Amino acid sequence: MRDNPQADDLLKIAEATFRQEILPLLPADKKYTALMIANAMRIAARQFGSTESETAVEIIALCDLLGRPVVDNGPDALLHLNKEFAAAIRAGAFASGNEKHENARKHLLTSVQSRLAEVNPKEINEDDNDRR
């Protein structure tokens, strides 16, 4: 167990301080770059805030979709499973009319919403979920 503040909290504090104290001092031609840095810090804080259990849930979902046993083969497991999933999509394994199509569609929607919540949470609208 770590003491407080955690990594995500440290990034949030650093980003807020950067925006409040450093950004106003920069010349206009450097503000866009500075805002990109602040945004990257905010995204990193949200990513640190995501848990290992969220990754495990995605690994389990992908293994289920791919019809393979759940095996966590290290830090790149999710990357490799996503590559395998993409290849299966290209091969037509989840084409419309296929019994696995709806499960793949739901997984992709959930995955995109999760990533959007990290990089641009303002774009997530709960009402959109109800229409799908």
Side-chain angles (χ1 to χ4, degrees):
M1 176 185 251
R2 293 188 179 139
D3 293 334
N4 285 331
Q6 298 286 325
D8 57 330
D9 294 326
L10 288 171
L11 277 168
K12 288 175 187 173
I13 293 166
E15 186 259 339
T17 304
F18 181 79
R19 282 182 184 270
Q20 294 167 4
E21 296 182 21
I22 305 300
L23 189 60
L25 302 175
L26 294 175
D29 67 323
K30 300 294 182 195
K31 290 202 185 224
Y32 178 74
T33 301
L35 287 169
M36 287 190 338
I37 292 167
N39 191 44
M41 292 168 75
R42 186 173 288 173
I43 291 168
R46 285 191 293 266
Q47 288 177 341
F48 272 120
S50 68
T51 64
E52 287 182 26
S53 65
E54 291 170 353
T55 300
V57 167
E58 190 169 356
I59 287 172
I60 291 167
L62 282 167
C63 286
D64 186 50
L65 279 168
L66 295 167
R68 63 199 299 291
V70 177
V71 178
D72 185 358
N73 59 357
D76 293 332
L78 189 56
L79 175 66
H80 294 300
L81 285 167
N82 274 309
K83 286 182 178 183
E84 188 177 334
F85 182 49
I89 290 171
R90 284 190 298 275
F94 303 101
S96 183
N98 182 306
E99 63 186 47
K100 296 179 181 181
H101 175 79
E102 184 59 20
N103 290 339
R105 188 195 69 77
K106 286 179 183 178
H107 173 76
L108 288 167
L109 178 62
T110 301
S111 181
V112 167
Q113 288 173 331
S114 174
R115 281 160 183 74
L116 186 58
E118 285 181 356
V119 298
N120 196 352
K122 293 176 189 174
E123 293 299 320
I124 295 292
N125 182 345
E126 293 301 322
D127 294 337
D128 289 343
N129 294 336
D130 296 340
R131 289 190 288 242
R132 292 187 175 105

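Counting from 1, the numbers follow the sequence of the chain as shown. What you see is a predicted model; the values in this text were computed from it and never measured.
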**Fill in**
On a heavy-atom basis, the closest approach of Gly92 and Asn98 is O-ND2, 4.2 Å
**Request:** For the pair Leu65 and Leu81, evaluate side-chain contact (heavy atoms from CB on, under 4.5 Å) and give the outcome as yes or no after the intermediate values.
**Result:** CA-CA 10 Å; Leu65 279 168; Leu81 285 167; over 6 Å; no
Below 3.5 Å, can you tabulate the donor-acceptor pairs from side chains in residues 20-37 to any protein atom, sequence neighbours excluded?
{"unit_1": "Lys31", "atom_1": "NZ", "unit_2": "Leu23", "atom_2": "O", "d": "3.3"}

**Prompt:** Out of Glu99, Lys100, Arg105, which residue meets the side chain to side chain contact (heavy atoms under 4.5 Å, CB included) rule with Glu102?
**Reply:** Arg105
**Request:** Would you please name every residue forming a side-chain hydrogen bond (donor to acceptor under 3.5 Å, both in side chains) with Arg19, sequence neighbours left out?
**Result:** Glu15
**Asked** Would you find a donor on one side and an acceptor on the other, under 3.5 Å apart, between the side chain of Asp64 and the backbone of Ile60?
**Response** no
**Prompt:** Just by modelled atom types, is the Lys106 backbone N or O under 3.5 Å from a matching donor or acceptor in the Thr110 side chain?
**Reply:** yes
**Asked** Can you name the residues that form a ring pair (Phe, Tyr, Trp, His ring centres under 6.0 Å) with Phe85, not counting sequence neighbours?
**Response** Phe94, His107
**Message:** side-chain contact (heavy atoms from CB on, under 4.5 Å), that's the test. Do Asn82 and Glu58 meet it? Break it down for me.
**Reply:** CA-CA 10 Å; Asn82 274 309; Glu58 190 169 356; 4.0 Å; yes
**Request:** For residues His101 and Ala95, report the shortest heavy-atom separation together with the two atoms involved.
**Result:** CB-O, 3.4 Å
**Asked** Which heavy atom in Cys63 sits nearest to a heavy atom in Pro69, and how many Å separate them?
**Response** SG-O, 3.7 Å
**Prompt:** Distance from Met41 atom CE to Lys12 atom NZ, nearest 0.5 Å?
**Reply:** 12.5 Å
**Distance in Å, Leu109 CG paired with Leu116 CG, rounded so as to fall on 0.5 Å steps** = 10.5 Å
